[in-house]
**Q** 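Pasting in a structure now, in structure tokens, and then I'll have a few things to ask.
Numbers restart at 1 for each chain; the letters A, B, ... are given by sequence-line order, proteins then strands. Quick note: numbers below take in every heavy atom, side chains included, and nothing from hydrogens, waters or symmetry partners.
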Number of protein chains: 4
Amino acid sequence: MVTNEMSMATVSKEPKSGRPRDARLDAAILQATVELLEEHGYFDVSLAAIAERAGTTTPAIYRRWSSKADLVVQAVFRTEGDDVVADTGDLAADITTMVWWTVEKVCRPAGRAALVGLLGESHEELNGRRADVTRVMARAGERLERAKAADQIRPDVDTAVLVAMMSGSVLQMAVTNGRRGVDDAWVTALVSVLLDGIRPPVRSEREKGPVAP
Amino acid sequence: MVTNEMSMATVSKEPKSGRPRDARLDAAILQATVELLEEHGYFDVSLAAIAERAGTTTPAIYRRWSSKADLVVQAVFRTEGDDVVADTGDLAADITTMVWWTVEKVCRPAGRAALVGLLGESHEELNGRRADVTRVMARAGERLERAKAADQIRPDVDTAVLVAMMSGSVLQMAVTNGRRGVDDAWVTALVSVLLDGIRPPVRSEREKGPVAP
Amino acid sequence: MVTNEMSMATVSKEPKSGRPRDARLDAAILQATVELLEEHGYFDVSLAAIAERAGTTTPAIYRRWSSKADLVVQAVFRTEGDDVVADTGDLAADITTMVWWTVEKVCRPAGRAALVGLLGESHEELNGRRADVTRVMARAGERLERAKAADQIRPDVDTAVLVAMMSGSVLQMAVTNGRRGVDDAWVTALVSVLLDGIRPPVRSEREKGPVAP
Amino acid sequence: MVTNEMSMATVSKEPKSGRPRDARLDAAILQATVELLEEHGYFDVSLAAIAERAGTTTPAIYRRWSSKADLVVQAVFRTEGDDVVADTGDLAADITTMVWWTVEKVCRPAGRAALVGLLGESHEELNGRRADVTRVMARAGERLERAKAADQIRPDVDTAVLVAMMSGSVLQMAVTNGRRGVDDAWVTALVSVLLDGIRPPVRSEREKGPVAP
DNA sequence: ACTTAAACGAGACGGTACGTCGCGTCTTAAA
DNA sequence: TTTAAGACGCGACGTACCGTCTCGTTTAAGT
């Protein structure tokens, strides 16, 4: 079960007394963050600008998130994960759904910016920051495991690799193409290869014959 | 044929007169950049530190590259592309080679940092910065097109999607796992799915009959 | 009455809230400035060097002074003016005192550097920067006006011209000689001419007769 | 006799062979320097701007002058000195002439900028740069010595102090007032004090009586 | 006429220093 | 103990400009 508290990367510690935190500020800050990232990109958005648009100040942000990278990642990727992964029984349809969810998250300026927050520091302290992302990937993995149990997936396939292929392909487009090129046909093609591979089905029989070099 | 001139992302334009640029500084700066990124990550490396290790100063860097992001991307991804993509005739082996090349580039601290340079700005002026990356991807696409022409790939498969899957899967690991988890078994599994898909060899209904191996 | 607030040339404006400025940094910066100017001269002193000696950084300087020229002028000439101008009743002695004050300020490397700050920009915005200097000159002018009222100075003499002569003569030595040549004899000679002029005591024609002493 | 060669602060060494220096460039550079200083002040004039206005390049400037300060001082103060100091026999008139010459040189933006060149460095290498200035002052001193020999000046007066008073008073106005305040009346008042001092002439007799405190 | 030598325009170089931006912290006073 | 308000210290950034250098060309003087 996923708890409802915020990621461990945040600062909050649920104090016992004193003036309570204004919950509306949390929402305003997150929304302002996404909006500004959408408009200007990671480097060209300052916390002062976020604070201003949210109608507050930078210390109020730092009371909630430990750094700019932390805020940005949370603003874009915060989710429980349950709502993301469908299980309709139709594997192809569910994979398509998951791919589209990734596209929505990652193939937009704000999503690209959030990746910066995930990549900028080298030390492994950012595992907390990756919590939301890895949780979603775990959900997707579970869905695929069920498919494997239901004989919809070859038993020797590593579902972790599948998840990496599904979301990674979209990631690659996000890095090199932004959003252009990612449309229905592209997603369909991706799912098709995922399901059936690239090898021509006739090959198994044909190759037995005298194939030219 | 690949020309020998530098990427368009750089500033210089091969002047007709004037004092020539010190080529050793170019090399020293690029090397220092990769070294420091390997040690500290994008945000924890300053241009002043790069300049110091290269034995020069920041203006010398800005004369060659337009920004920190530009320098970092070039330092990591600069390549002609020819040397990257193998064509031995063995499709599975060549795909494996290309995947490993991506792993070497992207699953290390310096590679992650280069991604930051590719993702940090939103405006589309960074197309020049992506030149090296897209060139390599284009080479890989050509290799796959030849495979398709040789009937090693289903004719309805979009090779651009394939390339995104090959490199994107690695990218996903770089973002969420750093390097851990990417080993021979992982690459083998990736290539396996790419070639054969994930669907079990049910061969619809007809193969469910007495066609035992 | 002289207020205790800082010169208008500074940036700060006494805010109502917010973190208070560290007053020790103000003092440390001013002292470091004078020390380094004394050692190296205007152009050979960098704000980074000043900051380092003061144990801080350049932005902390720019938060307090608007430019290098501004800082240098304030560091050397900051004064209330009251402490400068003596009024013992003895006009010759008081003029001598004022001249020596000017010598101390202006005939040393730091003083010469401060003049650079006063002269380097052409636009008339540096009137604020001249505030301290003109305040002292105004004090001196008042002292001389009192002497005029006490019949110690010819009523047709412009005291502003006198002030210019007193301090300007020293200035001239500062520009062309540094400190050498400015000693007791020099100051005595200056005061002597100021008091009695250069014309020999011929007393027109009538004194040329048999009015032997 | 004053030689016609340039100041020792310059770079030129009169080579025996090679392409001769273009004398029109010398003039164009000097003129451009004064013009730009007049418009923008020392700090806001770059050698590149001077070179551009003179229709040449910075290396051509550095072939002639050793530094920016050197160029600026020469551009403003270069003179033989003979043409400056009049000797009409009328001491008051000649002093007035000398004062006005100083005013013309120093009470303008370019003159103020030239002072920066004279003051900016602390080490005594700039004695060469002061050559023109000290030469003029020496001429003025000679003129005053002749007046002393002709009994127009008290024999105990130090003429060097007089020169400092004449030009220094103007200098002071240049530093604190720019040009405003320096007019006919001001110069007349200055010369008047110089000639007759500030002490009221009646005083010698009056003070012998019972003067109130 | 050929060589030598230096100045020329053009333009970029290396590097010091500058002045600014922005992150994350801190202080004050009110709620 | 939070809030709003605002400035702080400081690391880093990207730029301006000084003074130098490398070209390829031009100009004169010496051979």
**Q** Given atom CG of A/Leu71 and atom C1' of E/dG24, what is their separation to the nearest angstrom?
**A**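 Atom CG in A/Leu71 sits about 13 Å away from atom C1' in E/dG24.
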**Q** On DNA chain E, compare the nucleotides closest to B/Asp22 and D/Thr56; which residue's is nearer the 5' end?
**A**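 Per heavy-atom nearest nucleotide, the more 5' residue is D/Thr56.
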**Q** Consider the side chain of A/Ser67, meaning its heavy atoms from C-beta on, and name the nucleotide among E/dG24, F/dG11, E/dG15 that approaches it most closely.
**A**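 Closest nucleotide to the A/Ser67 side chain: E/dG24.
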**Q** I need the CZ-P distance between D/Arg24 and F/dT27, as an integer number of Å.
**A**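 D/Arg24 atom CZ is separated from F/dT27 atom P by 11 Å.
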**Q** Counting heavy atoms from C-beta on, name the nucleotide in E/dT16, F/dC13, E/dG14 closest to the side chain of B/Ser46.
**A**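 Of the candidates, F/dC13 comes closest.
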**Q** Determine whether a donor-acceptor pair (N or O, by modelled atom type, separation under 3.5 Å) exists between the side chain of A/Arg53 and the backbone of A/Gln31.
**A**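 Not a single qualifying donor-acceptor pair exists.
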**Q** Looking at A/Arg112 and B/Leu118, would you say the former's side chain and the latter's main chain have a donor-acceptor pair under 3.5 Å?
**A**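 Pair found, side chain donor or acceptor close to backbone of B/Leu118.
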**Q** To the nearest angstrom, how far is A/Asp44 atom CG from E/dT20 atom P?
**A**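 The distance from CG of A/Asp44 to P of E/dT20 comes to 19 Å, rounded to the nearest Å.
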**Q** Rounded to whole angstroms, how far apart are CD1 on A/Ile50 and P on E/dG22?
**A**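 Taking atom P of E/dG22 as the reference, CD1 of A/Ile50 is at 12 Å.
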**Q** Quick one, D/Ile50 and D/Leu47 - any side-chain contact, counting heavy atoms below 4.5 Å?
**A**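 Yes; the side chains approach each other to less than 4.5 Å.
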**Q** Starting the side chain at C-beta, find the nucleotide from F/dT26, F/dA28, E/dG14 nearest to B/Arg64.
**A**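 Output: E/dG14.
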**Q** Considering only E/dG14, E/dT27, F/dT3, which nucleotide approaches the side chain of A/Leu25 most closely?
**A**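 Looking only at side-chain atoms, A/Leu25 lies closest to F/dT3.
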**Q** Would you indicate which nucleotide in E/dC18, F/dC18, F/dA5 comes nearest to any side-chain atom of C/Leu47?
**A**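 Shortest atom-to-atom distance from the side chain points to E/dC18.
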**Q** Measure the distance from CD on A/Glu52 to P on F/dA4 and round it to the nearest whole Å.
**A**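 To the nearest whole Å, that distance equals 14 Å.
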**Q** Any heavy-atom pair between the side chains of D/Thr56 and D/Ile29 that's under 4.5 Å?
**A**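 In contact.
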**Q** For C/Phe77, which residues count as a ring pair (Phe, Tyr, Trp, His ring centres under 6.0 Å) partner, sequence neighbours excluded?
**A**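 By the ring pair (Phe, Tyr, Trp, His ring centres under 6.0 Å) rule, C/Phe77 matches no residue at all.
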**Q** Taking C-beta and beyond as the side chain, do C/Ile61 and C/Leu71 meet within less than 4.5 Å on heavy atoms?
**A**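 Yes. Closest side-chain heavy atoms under 4.5 Å.
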**Q** Respond yes when some side-chain nitrogen or oxygen of C/Lys68 is under 4.0 Å from OP1 or OP2 of E/dC18, and no when none is.
**A**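 Yes.
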**Q** Consider the side chain of A/Thr57, meaning its heavy atoms from C-beta on, and name the nucleotide among F/dA5, E/dC8, F/dT22 that approaches it most closely.
**A**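 Of the candidates, F/dA5 comes closest.
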**Q** What integer distance in Å separates B/Ile61:CD1 from F/dA12:C1'?
**A**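 Atom-to-atom, B/Ile61 to F/dA12, this comes out as 12 Å.
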**Q** Assign each of D/Phe43 and A/Gly55 to its nearest nucleotide of DNA chain F by heavy atoms, then name whichever residue's nucleotide is nearer the 5' end.
**A**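 Between the two, 5'-proximity favours A/Gly55.
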**Q** Write down the distance between CG (B/Asp26) and C1' (E/dA12), rounded to a whole number of angstrom.
**A**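 One finds 13 Å between C1' of E/dA12 and CG of B/Asp26, rounded.
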**Q** Nearest nucleotide by nearest heavy atom, which residue falls closer to the 5' end of DNA chain F, D/Pro20 or C/Pro20?
**A**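 Mapping each residue to its closest nucleotide by heavy atoms, the 5'-most match is C/Pro20.
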**Q** For D/Arg21 and D/Asp26, what are the C-alpha separation, side-chain angles and deciding distance, and is it a salt bridge (Lys or Arg N to Asp or Glu O under 4.0 Å)?
**A** CA-CA 9 Å; D/Arg21 209 166 262 174; D/Asp26 291 73; 5.6 Å; no
**Q** Does any N or O donor sit under 3.5 Å from an N or O acceptor when you compare the side chain of C/Arg63 with the base of F/dG9?
**A**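 Flag set: donor-acceptor pair detected.
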**Q** When you get a sec, tell me which of F/dC18, F/dT15, E/dC18 is the closest nucleotide to the side chain of B/Thr58?
**A**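 Looking only at heavy atoms from C-beta outward on B/Thr58, the closest nucleotide is F/dT15.
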**Q** Report the nucleotide, chosen from F/dG19, E/dA6, E/dT25, that has the shortest atom-to-atom distance to any side-chain atom of D/Arg19.
**A**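 Minimum distance to the D/Arg19 side chain belongs to E/dA6.
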**Q** Can you tell me which stems DNA chain E forms, taking runs of 3 or more consecutive Watson-Crick or G-U pairs with both distances under 3.5 Å?
**A**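 Stems found: E:3-31 with F:1-29.
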**Q** Between A/Tyr62 (OH) and F/dT2 (P), how many Å, whole number?
**A**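 Whole-Å distance recorded here is 17 Å.
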**Q** Which part of the nucleic acid, if any, lies within contact of C/Pro59, taking any heavy atom under 4.0 Å across all strands shown: a base, the sugar-phosphate backbone alone, or nothing?
**A**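 Base contact.
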**Q** Anything under 30° is parallel, anything over 60° is perpendicular, the rest tilted; go ahead and classify A/Phe43 against B/Phe43.
**A**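 Taking B/Phe43 first and then A/Phe43, their aromatic rings stand perpendicular (interplane angle over 60°).
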